[in-house]
There are 2 protein chains.
Amino acid sequence: MDRQLLKTFVAVAEAGSFSAAAPRLHCVQSNVTTRIKRLEDQLGGALFERGRGGAQLTQLGERLRYHAEDLLTRFEAAERDLLDAASRSAPLRLGAMESTAAVRLPHLLKALTQACPTAPISLHTGPTAELLSLVWQQKLDAAFVAGPVDASRFQSLVGFRETLVMAQATEPSATAPLLSFRSGCSYRAVAEAWLRSLGKSDTRILDMGTLDGILGCVEAGIGFAVAPQAAVTAYRNAEALRVSALPPAFAISETHLVWRQDSAMTRAHRTLCDLIARPEGEERVSVG
Amino acid sequence: MDRQLLKTFVAVAEAGSFSAAAPRLHCVQSNVTTRIKRLEDQLGGALFERGRGGAQLTQLGERLRYHAEDLLTRFEAAERDLLDAASRSAPLRLGAMESTAAVRLPHLLKALTQACPTAPISLHTGPTAELLSLVWQQKLDAAFVAGPVDASRFQSLVGFRETLVMAQATEPSATAPLLSFRSGCSYRAVAEAWLRSLGKSDTRILDMGTLDGILGCVEAGIGFAVAPQAAVTAYRNAEALRVSALPPAFAISETHLVWRQDSAMTRAHRTLCDLIARPEGEERVSVG
DNA sequence: CATGGTTACGCGTATCGTAAAAATG
DNA sequence: CATTTTTACGATACGCGTAACCATG
């Protein structure tokens with residue numbers, strides 16, 4: 001029972017067939033057959049029931065899957081910890097909501113890469129629920145999500161405390177749509193909740209990928225947006241926007257950095273926490 | 001970071017040198033060099049400091065050792081669980097005090113091998129403390145030890161409740177030595193405690209390996225012994241022995257079967273527990 | 001200079017990919 | 001009959017052991 005065999009096995013279990021697993025493993029399908037057969041020989045029982053529609057786990061297979069996923073995850077966690085302890089620091093797999101990624105991360109990641117030049121940093125964006133799941137599965141080391149956070153499963157740090165405002169064109173239209181990031185964004189969730197509280201459940205929503213795009217459309221009078229105050233005032237043509245406060249219940253948005261409490265923190269991860277804990281301004285002073 | 005590499009690494013760490021590790025791994029020393037080098041390349045740092053007296057772990061090596069031992073143990077636990085789930089049941093690695101092994105296990109193991117013919121059963125004998133350590137390290141699946149047992153770390157079952165008696169020749173001598181199993185045996189510990197309570201701390205002790213040998217020597221008038229009543233009455237020439245009771249504080253000895261509570265129980269293990277839970281007499285009836 | 005680690009090298013076999021055959025619904 | 005798995009087979013490369021070569025206390 002080797003690591004490669006377990007990887008192959010899990011890939012087949014996930015892909016649902018031998019042939020679909022092969023490309024994921026960067027090998028040909030006959031190799032998959034051989035390896036699964038070896039595994040089955042070693043364990044003395046069938047792991048899959050082969051049929052027309054691919055391969056389905058047997059009872060024994062289900063059991064192996066449980067162990068295999070656990071073992072492989074632990075392998076990877078150990079590898080990261082050791083890479084970090086050795087010369088090069090381990091890669092940091094970061095997650096963030098799209099809005100956070102757009103508004104806040106550029107400065108932060110710049111500082112982080114300066115502080116940890118050897119740590120490759122990857123970023124996955126997605127809605128809060130997906131990010132939490134990925135962190136829990138240890139596919140991500142940490143993620144920026146909308147708070148509050150379940151403290152029994154995750155460790156967390158308040159990353160950013162935003163004041164949300166509404167931005168609209170100087171000539172507002174009554175039937176203007178809400179311009180927002182894709183579904184799952186916490187700013188969007190706030191905006192929707194706010195609109196519901198006003199009884200405006202029929203407001204149209206336009207999805208956009210970037211904050212600049214959203215504010216650009218707002219400026220053009222296409223609709224209105226709910227966004228962090230800092231982002232709005234930093235907009236290149238901020239004076240063209242009319243900014244109004246949200247009711248206090250909706251105005252404050254906290255973004256937390258979360259990670260599994262039982263996973264070892266890598267160097268880059270600790271550095272990130274330091275950068276968040278200390279105000280950004282102070283950072284600049286120490287550099288300049 | 002492969003399983004074999006970790007095995008090699010741990011072997012070197014335990015053996016203290018590359019050359020000493022090689023025979024344990026059933027390979028030649030140059031292979032050890034190659035594998036450790038691969039590991040070091042992958043992690044990007046040295047794992048050992050090579051010197052005259054062998055190889056010593058670096059800081060990174062210590063860290064890897066922690067992970068490696070954990071991973072390897074989990075691998076083996078998973079393997080056992082899966083072998084058990086597949087056709088053949090997993091091997092049962094049993095431990096027992098020497099006296100238990102001699103007096104009680106023959107019947108029990110016979111019944112167990114009948115009930116689980118496909119499970120290879122191995123037996124390691126040793127004193128209670130060693131057995132508990134081996135069970136904790138998951139080198140043994142379960143062991144018979146002298147109670148009481150630390151319930152926070154181990155799960156246990158009362159295996160045998162013995163009445164201990166003193167056996168001596170019909171013509172006892174005042175300066176006779178105690179005939180006993182090797183140090184660490186719980187019967188011997190009882191005998192020593194009893195003698196201490198009588199102020200006879202100068203009694204000589206003769207070590208023997210088998211109960212028959214001990215009772216044979218008792219019969220020959222060489223000394224006296226503390227042994228389970230059942231074993232004494234079952235002795236082939238029992239009428240030649242004079243049996244006397246021990247004070248109640250020393251007469252009762254409980255042998256527990258213990259195992260780690262967080263390890264999955266294999267088929268043979270469950271069967272063993274069943275056999276212990278039900279009285280042996282009943283077993284015979286169902287067979288005859 | 002003896003002990004222990006490294007490097008060089010030839011060899012066997014495990015594992016790879018290609019390709020054809022068998023199974024399955 | 002299309003899709004998926006198994007088997008056959010030659011080529012490559014990986015990992016083994018032998019043996020000679022270094023390092024070091």
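Here is the naming used below: chain letters follow the sequence lines, and residue numbers restart at 1 for every chain.
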Could you list all N or O pairs between the protein and nucleotides 9-13 of chain D that sit under 3.5 Å apart?
none

**Message:** Taking ring pair (Phe, Tyr, Trp, His ring centres under 6.0 Å) as the cut-off, I'd like each qualifying pair that reaches into residues 109-131 of chain B, sequence neighbours left out, listed once.
**Reply:**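 Residue pairs passing ring pair (Phe, Tyr, Trp, His ring centres under 6.0 Å), neighbours aside: none found.
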Quick one: does any side-chain atom of [X] pair with a main-chain N or O of [Y] as donor and acceptor, under 3.5 Å?
X: A:Arg3; Y: B:Met1; answer: yes
X: A:Asp141; Y: A:Arg93; answer: yes
X: B:Arg50; Y: B:Ala55; answer: no
X: B:Glu49; Y: B:Gln56; answer: no
X: A:Thr255; Y: A:Phe144; answer: no

**Message:** How many whole angstroms separate atom CD of A:Glu49 from atom P of D:dT6?
**Reply:** 13 Å
**Prompt:** Rounded to the nearest Å, what distance is computed from the CG atom of residue A:Asp2 to the C1' atom of nucleotide C:dA14?
**Reply:**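 Computing the A:Asp2:CG to C:dA14:C1' distance gives 12 Å.
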**Message:** Between the side chains of B:Asp84 and B:Arg80, is the shortest nitrogen-to-carboxylate-oxygen separation below 4.0 Å, so that they form an ion pair?
**Reply:**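 Salt bridge absent between B:Arg80 and B:Asp84.
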**Prompt:** Base, sugar-phosphate, or nothing: which does A:Gly53 touch, judged by heavy atoms less than 4.0 Å apart?
**Reply:**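 Answer is nothing: A:Gly53 stays at 4.0 Å or more from every strand.
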**Message:** For the residue pair B:Gln4 / B:Thr8, report whether a side-chain donor-acceptor contact shorter than 3.5 Å exists.
**Reply:** no
[N] phosphate, OP1 or OP2, under 4.0 Å from [X] side-chain N/O:
X: A:Thr33; N: D:dT6; value: yes
X: B:Arg50; N: C:dG4; value: no
X: B:Lys37; N: C:dT7; value: yes

All N/O pairs under 3.5 Å across the protein-nucleotides 16-18 of chain D interface:
residue, atom, partner, partner atom, Å
D:dC16, OP1, B:Gln4, NE2, 3.1
D:dC16, OP1, B:Arg35, NH2, 2.8
D:dG17, OP2, B:Val28, N, 3.2
D:dG17, OP2, B:Asn31, ND2, 2.1
D:dT18, O4, B:Ser30, OG, 3.3

**Request:** Measure distances between side-chain N and O atoms of A:Arg52 and base N and O atoms of D:dT4, and say whether any donor-acceptor pair falls under 3.5 Å.
**Result:** no
